[in-house]
Number of protein chains: 2
Amino acid sequence: MVGEVPYPYDPGAFPPFAVTADVALFTIGNNALQALLIERGREPFLGARALPGGFVREDEDLRDAAARELAEETGLHAGPWYLEQLAAYGSPDRDPRMRVVTVAFWAVCASLPASPRGGGDAAAANLLPVEDIERGAVRLAFDHARIVADAVERIRSSMEHTALAAGFCPPEFTIRQLREVYETVWGVSLDPGNFQRYVRESGVFEPSLALSAPGRDDTRSEPGRPASLWTARRTESGRPAKAVRRLARPGGKQARNR
Amino acid sequence: MVGEVPYPYDPGAFPPFAVTADVALFTIGNNALQALLIERGREPFLGARALPGGFVREDEDLRDAAARELAEETGLHAGPWYLEQLAAYGSPDRDPRMRVVTVAFWAVCASLPASPRGGGDAAAANLLPVEDIERGAVRLAFDHARIVADAVERIRSSMEHTALAAGFCPPEFTIRQLREVYETVWGVSLDPGNFQRYVRESGVFEPSLALSAPGRDDTRSEPGRPASLWTARRTESGRPAKAVRRLARPGGKQARNR
DNA sequence: CTTTTAATTGTCAATATGACAATATATGGA
DNA sequence: TCCATATATTGTCATATTGACAATTAAAAG
């Protein structure tokens with residue numbers, strides 16, 4: 001074998017690219033699906049919104065870069081989020097300055113500090129309703145509108161067969177909280193009774209034993225029977241895993257064109 | 001605005017990466033799912049198998065680069081394949097020579113020239129059974145074993161709700177051909193009667209009108225009622241689209257651990 | 001014309017889903 | 001304490017879908 005660099009490439013044999021990692025972080029706030037965006041403080045796209053992101057470092061894994069950018073932008077470290085890669089976007093003209101390939105990630109989390117101000121990065125970060133973005137009411141930089149659209153589609157689809165919806169909730173949650181996540185992200189209204197059955201029998205979630213539900217009456221003051229708490233079941237693949245499908249209720253919100 | 005390069009980056013502000021496009025092409029041959037691989041002719045991983053791929057050119061779109069590499073490797077141009085991006089792979093140590101981020105694609109096609117020899121590229125390309133790869137019986141270069149595994153999983157999953165299986169068939173195909181694709185890729189045995197019903201009622205496929213089936217007896221010589229021909233239905237999203245799910249038949253092949 | 005082979009359709013029980021009623025368990029006030 | 005109110009949770013039942021498998025159709029071969 002050779003030394004430091006066993007089989008060096010001819011330095012001129014390949015075109016150099018810049019590689020960035022961008023993250024579309026979603027959360028639910030104000031009864032709507034929200035995306036974390038920053039306001040660009042310089043050209044190009046000065047004043048437009050953009051996804052948190054930046055150059056991948058020399059010896060940094062793509063995923064680590066995405067997590068780092070997210071942490072820098074939200075101020076939250078040891079992120080309480082669920083992060084997954086979406087795809088690479090590398091159209092030759094996506095950045096007017098030079099050839100940049102970005103690896104996009106999507107993430108979901110339960111909540112965010114009221115004002116997730118940039119923890120040192122240039123501009124301020126804030127949450128904007130996905131509905132506004134889908135309507136084209138938000139000016140997004142580069143191809144970030146497409147990235148957000150693709151991420152939302154992936155999330156909506158993934159929620160049908162996995163416990164992803166739990167990523168929008170605290171570690172333990174009530175069935176109602178979970179149902180409201182589905183209703184908000186999918187833009188539909190679900191039947192509470194049938195949804196209860198789904199959560200109970202799908203194998204995707206499981207009741208939170210420990211300081212479970214009925215009996216933990218500490219300082220609650222809402223009327224009605226207290227709800228039990230649930231968690232996402234540890235991912236044991238190799239299971240059927242039922243889907244949520246059409247639990248919609250008759251007079252509910254108008255479903256999007258899925 | 002400025003001229004050629006409106007907002008130039010500081011050349012030293014970002015680490016240069018090499019970006020490549022790799023393609024995992026699958027087809028069905030010999031009653032098994034097969035992947036197109038080349039044999040590496042140089043270090044590192046001399047002698048190991050690798051996915052067709054190479055550097056993305058200066059002004060080339062990622063997808064175009066993938067299609068180009070595929071065409072160069074198979075000798076087929078104007079590819080009769082279905083090509084879609086899988087994900088980016090960019091672990092800092094995935095290539096011992098330098099920092100390379102690869103954008104992986106997966107593709108499926110109906111058939112390939114008997115011996116898809118490299119159309120000019122270094123090594124010979126040939127098809128290897130995915131089963132062997134999954135079993136670890138094939139030495140793959142870099143992280144290509146993971147890429148193949150991810151691609152196979154994506155394909156198996158996608159086939160459940162889309163017409164992707166038709167990508168393994170000629171433009172027009174019989175229901176039996178289509179069923180054999182599912183059986184081969186999923187490693188299960190499906191009930192012919194129930195599968196017929198699925199094809200007929202799922203909305204994913206549609207009967208090939210034109211020179212349809214019963215009546216096109218030109219030079220056939222197989223016994224039995226002649227099969228009608230079908231095609232993938234033009235993608236009209238916004239439809240329910242039934243899933244293939246468990247049409248398995250009792251004594252069929254052992255299903256993989258899905 | 002009969003046998004053989006494969007495609008296609010039909011039947012029926014077991015499940016799953018959608019709609020909605022009934023019951024359980026809290027809070028708050030009379 | 002008892003009742004009205006508000007949720008959570010469980011049941012019921014008609015309908016739709018799925019799995020298993022029988023029956024029918026349409027060709028080739030002898």
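Predicted model only: the values in this text are computed from it and were never measured. Proteins get letters first, then strands, A, B, ... in listed order; numbering begins at 1 in each.
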Give a yes/no on whether any side-chain N or O of [X] is located under 4.0 angstrom from OP1 or OP2 of [N].
X: A:R225; N: D:dA6; value: no
X: B:R200; N: C:dT9; value: yes
X: B:S228; N: C:dT8; value: yes

Next on the checklist: When you measure from the side chain of B:E131 to the backbone of B:L33, do you find a donor-acceptor pair of N or O atoms at a distance under 3.5 Å?
Outcome noted: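 Side chain of B:E131 to backbone of B:L33, a donor-acceptor pair under 3.5 Å: no, none is there.
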Item to check | A:E160 side chain to A:S157 backbone, donor-acceptor under 3.5 Å | outcome: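 Side chain of A:E160 to backbone of A:S157, a donor-acceptor pair under 3.5 Å: no, none is there.
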Next on the checklist: Angle between ring planes, B:Y182 versus B:Y198, binned at 30° and 60°: parallel, tilted or perpendicular?
Outcome noted: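 If you compare the ring of B:Y182 with that of B:Y198, the planes turn out perpendicular.
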Checklist entry - According to the interplanar angle, ranging from 0 to 90°, do the rings of B:F205 and B:F173 count as parallel (below 30°), tilted (30 to 60°) or perpendicular (above 60°)? => result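 Plane angle over 60°, so perpendicular.
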Checklist entry - B:E201 has an atom CD; how far is it from atom P of C:dG10, in whole Å? => result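 In whole Å, C:dG10 P lies 10 Å from B:E201 CD.
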Next on the checklist: From the set D:dA8, C:dA7, C:dA19, return the single nucleotide nearest to any side-chain atom of A:A227.
Outcome noted: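 Shortest atom-to-atom distance from the side chain points to D:dA8.
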Item to check | Proximal nucleotide (of D:dA20, D:dT7, C:dT8) relative to the B:N194 side chain | outcome: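 The closest nucleotide is D:dA20.
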Next on the checklist: Between B:Y89 and B:D22, is there a side-chain donor-acceptor contact under 3.5 Å, judged purely by atom types and distance?
Outcome noted: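 Note: B:D22 and B:Y89 side chains miss the donor-acceptor criterion.
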Item to check | Candidate list A:L83, A:I147, A:L51, test side chain to side chain contact (heavy atoms under 4.5 Å, CB included), partner A:V23, passing option | outcome: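 Of the listed residues A:L83, A:I147, A:L51, the side chain to side chain contact (heavy atoms under 4.5 Å, CB included) partner of A:V23 is A:L83.
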Write out a two-atom table: protein N or O, nucleotide N or O from nucleotides 12-15 of chain C, distance below 3.5 Å.
none

